*Asks:* 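I have a structure I would like to understand better, so I am pasting it below and will then ask my questions one at a time.
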Amino acid sequence: NLTQGTFLNERTIKQLERLSAFQLSENTLNGYIKDLWYIKSWILADTGRVFVDITDAERLQSFELGLPLPLDLVVKFVVDHLDGLDEETEKKLCATVAIDGKACRIKDKPGPHSINTVKRRISALSQLHAAKGITKDENPCLHQKVKKVFQAKQRENTRNRVKEHRKTAIPGDLLLDMLDPCGDDL
């Protein structure tokens with residue numbers, strides 16, 4: 001059910017589908033695709049370069065970035081998204097663009113992301129590196145510098161008493177009351 005999009009080619013989609021061998025659900029794979037699409041959009045907005053899923057540096061053109069991504073770019077992604085993007089990049093990502101004939105935004109609202117959102121996006125990027133055969137030692141997403149940025153932000157949030165915004169789950173009895181009119185054919 002994965003479809004080729006603006007940035008994901010057929011080969012990359014097949015490699016992501018291979019991850020299902022690791023028992024990832026279809027929703028997780030679709031989430032990875034959306035997260036990778038966002039990362040590719042950020043790279044273009046921030047650096048002016050196109051992120052491609054090529055691991056052979058000799059095949060890259062001067063305007064392209066391949067895998068593995070440079071560690072400093074991954075660290076920049078994490079820092080920028082935890083503390084907030086620069087104004088120009090933010091404006092580019094929040095602008096309405098046409099994708100497959102539909103008006104949409106790459107980033108819904110300005111401001112930093114939650115730690116969990118950035119971790120999820122880095123996890124998707126790490127999975128792409130793994131799917132392309134890049135070892136754990138060469139994977140910038142697993143580097144100690146990236147982990148230290150997350151730890152530092154978590155400590156800062158704790159010190160400043162910043163709480164993650166979590167959605168409250170619907171109580172089970174209320175959910176059952178809502179589902180009751182649906183019958184057994186749901």
Side-chain angles (χ1 to χ4, degrees), residues 1-3 5-8 12-13 16 19-20 22-47 49-51 53 65 67-97 99 102-132 134 136 139-170:
N1 288 359
L2 302 175
T3 57
T6 307
F7 295 104
L8 298 176
T12 301
I13 289 171
L16 285 169
L19 294 175
S20 64
F22 298 105
Q23 301 192 337
L24 296 175
S25 72
E26 184 176 333
N27 286 344
T28 300
L29 290 173
N30 287 333
Y32 281 170
I33 287 173
K34 289 176 185 175
D35 287 337
L36 291 170
W37 181 78
Y38 178 87
I39 291 168
K40 287 182 176 208
S41 300
W42 173 80
I43 289 172
L44 181 62
D46 190 73
T47 69
R49 296 177 73 185
V50 177
F51 176 40
D53 63 350
L65 273 174
L67 294 172
L69 281 178
L71 174 60
D72 61 340
L73 186 64
V74 175
V75 169
K76 182 177 183 359
F77 178 87
V78 173
V79 171
D80 280 0
H81 285 82
L82 291 177
D83 272 357
L85 299 167
D86 66 78
E87 192 175 320
E88 185 178 330
T89 303
E90 184 91 56
K91 186 184 278 188
K92 289 176 186 176
L93 291 176
C94 288
T96 302
V97 295
I99 299 173
K102 297 177 185 171
C104 62
R105 290 181 180 183
I106 297 164
K107 189 169 187 251
D108 289 332
K109 58 186 177 185
H113 290 307
S114 72
I115 291 174
N116 289 335
T117 297
V118 180
K119 281 183 177 180
R120 189 193 71 227
R121 289 196 166 139
I122 292 298
S123 176
L125 185 59
S126 182
Q127 289 288 346
L128 177 63
H129 279 80
K132 295 292 185 173
I134 294 169
K136 289 182 179 181
N139 185 339
C141 304
L142 301 176
H143 196 278
Q144 199 62 29
K145 286 184 179 179
V146 174
K147 293 176 184 178
K148 284 184 178 185
V149 172
F150 282 116
Q151 291 169 349
K153 185 62 177 178
Q154 188 66 55
R155 279 193 302 273
E156 177 186 65
N157 285 355
T158 301
R159 186 175 300 125
N160 294 334
R161 300 178 192 258
V162 175
K163 292 185 179 180
E164 286 283 323
H165 298 286
R166 296 181 182 255
K167 295 181 180 172
T168 305
I170 187 170

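Just so it is clear, the structure is predicted and the values come from calculations on it, not from any experiment.
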*Asks:* Once side-chain hydrogen bond (donor to acceptor under 3.5 Å, both in side chains) is applied, do any residues pair with H81, and if so which ones, sequence neighbours excluded?
*Replies:*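 Y38.
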*Asks:* For D35, enumerate each residue passing the salt bridge (Lys or Arg N to Asp or Glu O under 4.0 Å) test, keeping only those at least two apart in sequence or located in another chain.
*Replies:*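 By the salt bridge (Lys or Arg N to Asp or Glu O under 4.0 Å) rule, D35 matches R120, R121.
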*Asks:* Residues two or more places apart in sequence or in another chain: which of them pass side chain to side chain contact (heavy atoms under 4.5 Å, CB included) with R161?
*Replies:*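 Side chain to side chain contact (heavy atoms under 4.5 Å, CB included) list for R161, sorted by chain: empty.
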*Asks:* Can you name the nearest heavy-atom pair linking P110 to C94, along with the distance?
*Replies:*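 Nearest pair, atom of P110 first, then C94: N-SG, 3.8 Å.
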*Asks:* How long is the straight-line distance from OG1 of T89 back to CH2 of W42, given to the nearest 0.5 Å?
*Replies:*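 Nearest 0.5 Å value for the CH2-OG1 distance: 8.0 Å.
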*Asks:* Would you say S126's side chain and I122's backbone share a donor-acceptor pair under 3.5 angstrom?
*Replies:*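 No: the side chain of S126 does not pair with the backbone of I122.
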*Asks:* Taking side-chain hydrogen bond (donor to acceptor under 3.5 Å, both in side chains) as the test, write out the residues that go with T117, two or more places apart.
*Replies:*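 By the side-chain hydrogen bond (donor to acceptor under 3.5 Å, both in side chains) rule, T117 matches S114.
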*Asks:* With sequence neighbours excluded, tell me which residues meet side chain to side chain contact (heavy atoms under 4.5 Å, CB included) with K91.
*Replies:*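 Side chain to side chain contact (heavy atoms under 4.5 Å, CB included) list for K91, sorted by chain: empty.
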*Asks:* For K136, which residues count as a salt bridge (Lys or Arg N to Asp or Glu O under 4.0 Å) partner, sequence neighbours excluded?
*Replies:*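 Per chain and number, K136 pairs via salt bridge (Lys or Arg N to Asp or Glu O under 4.0 Å) with no residue.
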*Asks:* Between S41 (side chain only) and W37 (backbone N and O only), is there a donor and an acceptor less than 3.5 Å apart?
*Replies:*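 Checked: pair present.
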*Asks:* Minimum heavy-atom separation for R49 to I43, with atom names?
*Replies:*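 Smallest interatomic distance, heavy atoms only, reads O-CG2, 3.5 Å.
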*Asks:* What heavy-atom pair brings H143 and K145 nearest, and what distance separates the two atoms?
*Replies:*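 Nearest heavy atoms, H143 then K145: ND1-N, 3.0 Å.
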*Asks:* By side chain to side chain contact (heavy atoms under 4.5 Å, CB included), which residues pair with N160, not counting sequence neighbours?
*Replies:*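 For N160, the residues satisfying side chain to side chain contact (heavy atoms under 4.5 Å, CB included) (neighbours in sequence not counted) are E156, V162.
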*Asks:* I'd like to check the salt bridge (Lys or Arg N to Asp or Glu O under 4.0 Å) partners of E88; sequence neighbours left out, ordered by chain and number.
*Replies:*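 With neighbours one apart ignored, the set is K92.
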*Asks:* Taking C-beta and beyond as the side chain, do P140 and V146 meet within less than 4.5 Å on heavy atoms?
*Replies:*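 When only atoms from C-beta onward are counted, V146 and P140 do not touch, as no gap falls below 4.5 Å.
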*Asks:* In chain order, what residues pass the side chain to side chain contact (heavy atoms under 4.5 Å, CB included) check against E87, with sequence neighbours excluded?
*Replies:*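 Counting only residues at least two positions away or on another chain, E87 forms no side chain to side chain contact (heavy atoms under 4.5 Å, CB included).
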*Asks:* Atom CG in L128, atom CG in L36: separation rounded to 0.5 Å?
*Replies:*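 If I round to the nearest 0.5 Å, the distance is 5.5 Å.
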*Asks:* With sequence neighbours left out, what residues match K132 under salt bridge (Lys or Arg N to Asp or Glu O under 4.0 Å)?
*Replies:*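 Partners of K132 under the salt bridge (Lys or Arg N to Asp or Glu O under 4.0 Å) test: D53.
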*Asks:* Can you give me every donor-acceptor pair (side chain of residues 68-80, partner residue at least two apart or in another chain, under 3.5 Å) with its distance?
*Replies:*
| from | atom 1 | to | atom 2 | distance (Å) |
| --- | --- | --- | --- | --- |
| K76 | NZ | D46 | OD1 | 3.4 |
| K76 | NZ | D80 | OD2 | 2.8 |

*Asks:* Would you check if L142 and H129 make a side-chain contact, meaning some heavy-atom pair closer than 4.5 Å?
*Replies:*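 Not touching, per the 4.5 Å side-chain cut-off.
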*Asks:* Does the side chain of F150 reach to within under 4.5 Å of the side chain of V118, using non-hydrogen atoms?
*Replies:*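 Of all side-chain heavy-atom pairs linking V118 with F150, at least one is under 4.5 Å.
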*Asks:* State which residues pass side-chain hydrogen bond (donor to acceptor under 3.5 Å, both in side chains) with Q151; sequence neighbours excluded, sorted by chain then number.
*Replies:*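 Testing Q151 for side-chain hydrogen bond (donor to acceptor under 3.5 Å, both in side chains), a comparison that skips the adjacent residues, returns none.
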